[in-house]
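Order of listing sets the numbers, starting from 1, for every ligand and every atom in it.
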Amino acid sequence: MAILNSCSTPSQQNPNIVIIYADDLGIGDVSCYQSGTLPTPGIDQMAAEGLKFTNGYATAATCTPSRYSLLTGEYPWRNNRAAVLAGNAALLIDPNSNTLPKLLKDNGYTTGAVGKWHLGLGDGNINWNAPITLGANEVGFDYSYIMAATNDRVPTVFVEDGEVVNLDKNDPILVDYRKNFEGEPTGKDNPELLKVHPSHGHDMSITNGISRIGYMKGGKSALWVDENMADTFLDKAKQFVKQNQSKPFFLFYALHQPHVPRVPHQRFAGKSGMGPRGDAILEADWCVSEFLKALDEFGLSENTLVIFSSDNGPVLDDGYQDEAKELLGNHTPWGNLRGGKYSLYDAGTHIPFITRWKGQIKPGVSDALISQVDLYGSLAELLQSENKRPDSHSLFDVLIGKSINGRNHHVTEGLQGRLAYREGDWVMIPPHKGGKKISWGVDMETGFSMQPQLYNLKDDPSQQNDLAEEYPEKVDQMMKSFEAIKSR
Ligand code: NG6
Ligand code: CA
């Protein structure tokens, strides 16, 4: 792989790798993809200095499966446990499997994970009051500072290298996803204790005036304050870079915004005019900008490949009354695409995807089809290591803008493991049983239909014209290719 400048010497170290990964951020939420409504100057600047992909994909329209793919290079539906996990679910990634952080570690990188995890911890019977021996560190991260699951799930604590941060051993944490602990308040029974109210679900244990999914008791000194979460993760991310700046490092910096509950710091509250969802995006954008500033200050921007993306598409009401829909105005988080989080339509997985490596990536736009599942194979290519993951294509030249030959097909996952298949500009959604709209409070199309659907994204990015009846041979051909990939 010829990635070195003519002035580089062969002994130059490999670039640092940083993945900044937003949570539920839509392609239309980023102003370099769709300008005019919500300004994201930090992400825009990264795009202006790097490569903006117009066909970048997550593998799934929900979090856990997308993260699984990104960190393993394997499609999530090959692992039947890769679904949205509870906060007490066991570690999803097999510690003996090939992972992106292990690949980098094996090639001399120091590896770190900061932010949202949502890939399970422990063996399914986790004791939060003892060192957790199955987690981020066991799948290849030398350092981890993570939220246990999601910001709307208990336990509402951070875990650093397998230990709950600030835990008082005399106030142990108990977690249960089926029943409450006697005498503990819940959002359902004690709405008077809430500052943010649920719209659906999210009415169980209360932390920081916000009820969550799941029940917990204890751990008072360890509970997070949502308003400070962005600052905490940013500090930890910067610290990791500072401490490891003299050797190659890999950082997975997983932002928690704009996933619910959207509770940004006071500095951002009310700033977007779109309510907490817009404010949380401004905060996320600020985090990106501050992080990139830190890279500059450490003199690392010319030696660091930064990849920015989101785990799935956008959603408005995802379970809290935060006026995301009411205050949206003309803003369209899904851009001109159909669907969003949970959906098999394009906006479920067609997300912002930007790479920046100053001095190496020529600023521009790439229309190449690329998926987060390709990061494993592409970085293996950079490191001249074997790509041990057949789902992951080796697209390093595409990632850095030296080639526009991306993948020509991609499988995406919606709700309940249901899949869609893209090939070139075509998307074929096989027949799936189930309602056309999500059955709980989220206003979102599932993409399910008993008939196969066929769309041409080039002519019809909004997926308004189902061409399946007009092109039955195309449906057949795509169904065969899709089945072949699935059974590989
Ligand atoms: C759903 C939650 C939603 C969100 C999602 C996972 C309810 C009613 N809804 O079950 O709020 O947490 O799971 O989001 O509980 S993800 O981005 O982590 O996949
Ligand atoms: Ca998500």
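- Taking the six-membered ring where the residue is Trp, the centroids of Phe308 and Tyr21 are separated by 6.0 Å or more.
- Counting heavy atoms under 4.0 Å from ligand 1, residue Val84 touches it through the side chain alone.
- Residue contact check: His200 has heavy atoms under 4.0 Å from atoms 8 (C) of ligand 1.
- Salt-bridge annotation for Asp176 and Arg178: present, with a side-chain N of the basic residue lying under 4.0 Å from a carboxylate O of the acidic one.
- Ligand 1 has an N or O atom lying under 3.5 Å from an N or O atom of His259, backbone or side chain.
- Residue contacts with ligand 1: Lys341 is placed with a nitrogen or oxygen under 3.5 Å of a nitrogen or oxygen of the ligand (distance criterion only).
- Between Glu227 and Lys195, at least one side-chain nitrogen of the basic residue sits less than 4.0 Å from a carboxylate oxygen of the acidic one, meeting the salt-bridge criterion.
- Between the Ca ion (ligand 2) and Asn312 there is an N/O/S contact shorter than 3.0 Å.
- The two residues Ile93 and Leu119 come nearest to each other via the heavy atoms CD1-CD1, 4.2 Å.
- Closest approach of Tyr109 to Phe250, counting heavy atoms only: CD2-N, 3.8 Å.
- Heavy-atom contacts of Ile213 reach the following atoms of ligand 1: 15 (O) (cutoff under 4.0 Å).
- Protein heavy atom closest to atom 13 (O) of ligand 1, with residue, atom name and distance, is Arg153 NH2, 3.0 Å.
- When the N, O or S atoms of Asp24 are ranked by distance to the Ca ion (ligand 2), OD1 comes first.
- The pair Asp231-Arg267 meets the salt-bridge criterion, with a side-chain N (NZ, NE, NH1 or NH2) lying under 4.0 Å from an Asp/Glu carboxylate O.
- Among protein heavy atoms, the minimum distance from atom 3 (C) of ligand 1 is reached at Tyr342 OH, 3.4 Å.
- Geometrically, ligand 1 and His202 share a nitrogen or oxygen pair separated by less than 3.5 Å.
- If you check the side chains of Asp318 and Tyr342, you find a donor sitting under 3.5 Å from an acceptor.
- Side chains of Tyr57 and Asp346: a donor-acceptor N/O pair is present below 3.5 angstrom, by distance only.
- For ligand 1, the atoms lying closer than 4.0 Å to a non-hydrogen atom of His118 are 18 (O).
- For ligand 1, the atoms sitting less than 4.0 Å from at least one non-hydrogen atom of Thr62 are 19 (O), numbered in the order shown with element in parentheses.
- Residue Asp152 has at least one nitrogen or oxygen atom sitting less than 3.5 Å from a nitrogen or oxygen atom of ligand 1, judged on distance alone.
- Salt bridge Glu445/Arg338: present, at least one basic N to carboxylate O contact under 4.0 Å.
- There is a side-chain donor-acceptor pair under 3.5 Å between Glu160 and Tyr143.
- Inspection of the Asn137 and Ser144 side chains reveals an N or O donor paired with an N or O acceptor under 3.5 Å.
- Residue Asp23 approaches ligand 1 through these ligand atoms, each under 4.0 Å from one of its heavy atoms: 17 (O).
- Between the OD2 atom of Asp311 and the OD1 atom of Asp23, the angle centred on the Ca ion (ligand 2) amounts to 80° when rounded to 10°.
- Per-residue contacts place Val260 under 4.0 angstrom from the following atoms of ligand 1 (heavy atoms of the residue considered): 11 (O).
- Close approach of ligand 1 to Asn312 (heavy-atom distance below 4.0 Å) involves ligand atoms 17 (O).
- Salt-bridge annotation for Asp279 and Lys271: absent, with no side-chain N of the basic residue lying under 4.0 Å from a carboxylate O of the acidic one.
- At a 3.5 angstrom cut-off on N or O pairs, Lys116 counts as close to ligand 1.
- Contact annotation: for Val442 versus ligand 1, there are no heavy atoms closer than 4.0 Å.
- Tyr320 does not count as a contact of ligand 1, since none of its heavy atoms falls under 4.0 Å from the ligand.
- In terms of N/O distances under 3.5 Å, ligand 1 is approached by Cys63.
- Checked for salt-bridge contact, Arg262 and Asp152 miss the test: no charged N lies under 4.0 Å from a carboxylate O.
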